[in-house]
Q: 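Structure below; questions to follow.
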Amino acid sequence: MCFRPMQIARRLREALALAVTAGVLAACAKSGGAPFVGGPDRAGVGMHHQSASGKIAHVVVIVQENRSFDNLFQGYPGADTQSYGYTSKGKKLKLQPLGLQTAWDITHDAASFFAACDGTGSLPGTDCKMDGFDLEAVTCGGLHPPCPYAHPQYVYVPRAGIKPYFTLAKQYVLADRMFASNFDMSSFISHQYLIAGQASSTVNFPLTMWGCDGGPNDTIATLTQQRTYGPKVPVCFDNETLGDELDAAGLPWRYYTSAIHVDGGFYSAYQAIAHIRNGPDWHQDVVHPQTRFFTDVKKGRLPAVSWITPTCRNSDHAGCFGSHGPEWVASLVNAVGKSQYWNNTAIFIFWDDPGGFYDHVPPPMVDYDGLGMRVPMLIVSAYAKAGYVSHVQYEHGSILRFIEDQFGLPRLAATDARATSPEQDAFDFSSPPRPFKVIPAAHDANFFEHEPYDPRPPDTQ
């Protein structure tokens, strides 16, 4: 039997984990003590790994959709925002107020990034002038209601409609230098970076489904080192993921998402990883619907690492006709905050791409595939600094690196190897854990648990 390199690495780590576990059991037997079996907090700091801080046993990653920093946190005190932008013709535009609930969307892909960036470098999308957002296509008119402004890319969300986000920022950490690791503004690619630190050099989005179920004819373009399109490949990878590393370390994880046969096969990142889609993890660790997170927290089953994706209605995505995203996020945070897990959990709230909305900060180029444009990130924890704006440069890999450091896991790819972890700047582990304060919101967990299910994927790109 032949094994791929990724499988060999995983099997070696599994063997190491088994050896360490055997050593622990033997030591317990000699001392007359009972081995560590588990209980309600089985996913806590176990006996075979050591956390970098020593205080974080659970990490929750809440994924929201398609907002730039200037769009969502416009005017936040101490953060780098700009209330105006320029078009490709040099016209200065004041950003206009517009709520989350829209019936239209902005095209967000590699071509849109190149247009919005309007770079002057030798490669497309470098040395960005950030003045071409008006060149991005917008799906207004036709079957959609008309856009409220001539240039809907240049808008911001009034804080009155997103109070929970501002409350979270005021109580915890808001990062204003968080960039997508991938430049192409694709949710599909973004989510691969969030589980694997890479996307097999692919770009944009699949022809049909988001994974292996689409078969060999469901393909996606690749990206060359020159930032041009390469040959297409099937949307079924075998990259090692954070889930694999957690499995090898004996640590539980769950990916809370929609059932792929409900949303048409979109928006579940792990379905594009062959050995997970076709293995036991798919049934054990990929969980739907998303609201099962509330049940798991209540019943003491919070895993070491959780990813939580939204439904379309609760995603903040333009075109989803929804405005409940802030309450959805607040309900997830409140569930953890009011539970036994508050004192040993770190929560990252992250918008997966900018969605084509204007942002004035040029993304630095660190590799052929990144960085992408600036997106918001909130960091919530009993140890997160209070009311702090972090100006440290972060990316997808920063979240991965933080998780890897807490649980003693190796790096997955270039992005988590190069990225800065938020541990040093955003947390204060020298102080005792702060008591949790409930985030006020119009809707709570009970509302979302009984909300009519939304079968639409938040994004198909």
Q: Begin with the C-alpha distance, continue with both residues' side-chain angles, and end with the deciding distance and a verdict on side chain to side chain contact (heavy atoms under 4.5 Å, CB included) for His324 and Glu451.
A: CA-CA 11 Å; His324 292 161; Glu451 184 181 36; 4.0 Å; yes
Q: Any side-chain heavy atom of Phe73 within less than 4.5 Å of one from Asp176?
A: no
Q: Taking the side chain as every heavy atom from C-beta outward, state whether Asn66 and Ser187 have any atom pair closer than 4.5 Å.
A: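 Yes, side chains in contact.
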Q: Can you name the nearest heavy-atom pair linking Tyr358 to Leu95, along with the distance?
A: CD2-CD2, 3.9 Å
Q: Might you work through the side chain to side chain donor-acceptor pair (under 3.5 Å) test for Ser258 and Tyr453, ending with a clear yes or no?
A: CA-CA 10 Å; Ser258 298; Tyr453 198 75; 2.8 Å; yes
Q: Classify the angle between the aromatic ring planes of Phe133 and Tyr154 as parallel (below 30°), tilted (30 to 60°) or perpendicular (above 60°).
A: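 Rings of Phe133 and Tyr154: perpendicular, over 60°.
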Q: Identify the two heavy atoms, one from Ser381 and one from Ala346, that lie closest to each other, and give their separation to 0.1 Å.
A: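 Ser381 and Ala346 have their closest heavy atoms at CB-CA, 4.1 Å.
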Q: Is there a side-chain contact between His58 and Val336 in this structure, where contact means two heavy atoms from C-beta onward sitting under 4.5 Å apart?
A: no
Q: Using side chain to side chain donor-acceptor pair (under 3.5 Å), reason through Gln290 and Thr311 one step at a time and then give a plain yes or no.
A: CA-CA 8 Å; Gln290 297 91 331; Thr311 61; 5.5 Å; no
Q: Aromatic rings Phe447 and His443: how do their planes relate, parallel, tilted or perpendicular, breaks at 30° and 60°?
A: parallel
Q: List the steps and the verdict of salt bridge (charged side-chain N to carboxylate O under 4.0 Å, His left out) for Asp367 and Arg418.
A: CA-CA 10 Å; Asp367 208 339; Arg418 72 187 177 219; 3.8 Å; yes
Q: If I compare all heavy atoms of Lys232 with all of Leu207, which pair ends up nearest, and what's the gap?
A: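 Here Lys232 and Leu207 meet closest at NZ-CD2, 4.5 Å.
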Q: Is the ring centre of Phe183 less than 6.0 Å from the ring centre of Phe114?
A: yes
Q: Assess whether side chain to side chain contact (heavy atoms under 4.5 Å, CB included) is satisfied between Asp213 and His261, documenting all intermediate values.
A: CA-CA 10 Å; Asp213 291 52; His261 298 297; 4.2 Å; yes
Q: What pair of heavy atoms forms the shortest contact from Gly372 to Pro363, and how long is it?
A: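 It is O-CB, 3.1 Å.
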Q: Is the side chain of Arg227 donor-acceptor paired with the backbone N or O of Leu123 at a distance under 3.5 Å, no angle test?
A: no
Q: Test side chain to side chain contact (heavy atoms under 4.5 Å, CB included) on Phe188 and Ile220 and set out the steps.
A: CA-CA 10 Å; Phe188 172 78; Ile220 186 171; 3.6 Å; yes
Q: Which is it for Val61 and Ile399 under the side chain to side chain contact (heavy atoms under 4.5 Å, CB included) test, yes or no, and what are the steps along the way?
A: CA-CA 8 Å; Val61 182; Ile399 299 175; 3.9 Å; yes
Q: Looking only at atom types and distance, does a side-chain atom of Gln192 sit under 3.5 Å from a main-chain N or O of Ala269, one as donor and one as acceptor?
A: yes
Q: What are the two closest heavy atoms between Ile162 and Pro326, and how far apart are they?
A: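 Scanning both residues, the minimum pair turns out to be CG2-CG, 3.7 Å.
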Q: Check the angle between the aromatic planes of Phe429 and Tyr383 and answer parallel, tilted or perpendicular using the 30° and 60° thresholds.
A: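 Tilted: the ring planes of Phe429 and Tyr383 meet at 30° to 60°.
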Q: Taking the cut-offs as 6.0 angstrom to the six-membered ring centre and 45 degrees off its axis, would you call Arg67 and Tyr165 a cation-pi pair?
A: no
Q: With a 4.5 Å cut-off on side-chain heavy atoms, are Asp244 and His275 touching?
A: yes
Q: Is it true that a side-chain atom of Thr139 and a backbone atom of Trp104 form a donor plus acceptor pair closer than 3.5 Å?
A: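 No, Thr139 side chain to Trp104 backbone: no donor-acceptor pair under 3.5 Å.
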Q: Specify whether Trp307 and Trp253 have parallel, tilted or perpendicular ring planes, treating 30° as the upper limit for parallel and 60° as the lower limit for perpendicular.
A: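 Trp307 and Trp253: perpendicular rings.
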Q: State which residues pass ring pair (Phe, Tyr, Trp, His ring centres under 6.0 Å) with Phe357; sequence neighbours excluded, sorted by chain then number.
A: none
Q: Is a side-chain N or O of Thr345 found less than 3.5 angstrom from the main chain of Trp342, in a donor-acceptor match?
A: no
Q: Which word best sums up how the rings of Trp328 and Phe294 line up, parallel for under 30°, tilted for 30 to 60°, or perpendicular for over 60°?
A: perpendicular
Q: Minimum heavy-atom separation for Gly121 to Thr126, with atom names?
A: CA-OG1, 3.2 Å
Q: Side chains of Tyr229 and Asn204: closer than 4.5 Å at any heavy-atom pair?
A: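 The answer is yes, as the side chains (C-beta and beyond) meet within the 4.5 Å cut-off.
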Q: Taking the six-membered ring for Trp, is the centroid-to-centroid distance between His191 and Trp210 below 6.0 Å?
A: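 Aromatic pair counts; centres sit under 6.0 Å.
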Q: Using the benzene-type ring in the case of Trp, are the ring centres of His317 and His108 under 6.0 Å apart?
A: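 Yes, the ring centres sit under 6.0 Å apart.
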Q: Sub-3.5 Å donor-acceptor pair from the side chain of Asn334 to the main-chain atoms of Ile439, do we have one?
A: yes
Q: Report the residues that fulfil side chain to side chain contact (heavy atoms under 4.5 Å, CB included) with Asp118, sequence neighbours left out, ordered by chain and then residue number.
A: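 Here the qualifying residues are Lys129, Asp131.
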Q: Would you find a donor on one side and an acceptor on the other, under 3.5 Å apart, between the side chain of Asp218 and the backbone of Met209?
A: yes
Q: Do Asp359 side-chain atoms and Asn71 backbone N/O form a donor-acceptor pair below 3.5 Å?
A: no
Q: Mark yes when over 12 heavy atoms from residues, nucleotides or ligands other than Lys385 sit less than 6.0 Å from its NZ; otherwise mark no.
A: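 Yes, the 6.0 Å shell around NZ holds more than 12 heavy atoms from other groups.
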Q: Ring centroid separation for Tyr394 and Phe402, is it under 6.0 angstrom?
A: no
Q: Taking Asp80 first and then Arg177, would you say they form a salt bridge - that is, a charged N and a carboxylate O separated by under 4.0 Å?
A: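 Counted as a salt bridge, because a side-chain N and a carboxylate O are separated by less than 4.0 Å.
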Q: Sub-3.5 Å donor-acceptor pair from the side chain of Tyr76 to the main-chain atoms of Leu174, do we have one?
A: no
Q: Report the C-alpha separation of Asn446 and Asp444 in whole Å, then their side-chain angles, then the decisive distance to 0.1 Å, and conclude whether the side chain to side chain donor-acceptor pair (under 3.5 Å) test is met.
A: CA-CA 5 Å; Asn446 183 65; Asp444 59 9; 4.8 Å; no
Q: Ignoring hydrogens and angles, tell me if any N or O in the side chain of Ser200 forms a donor-acceptor pair with the backbone of Thr202 under 3.5 Å.
A: no
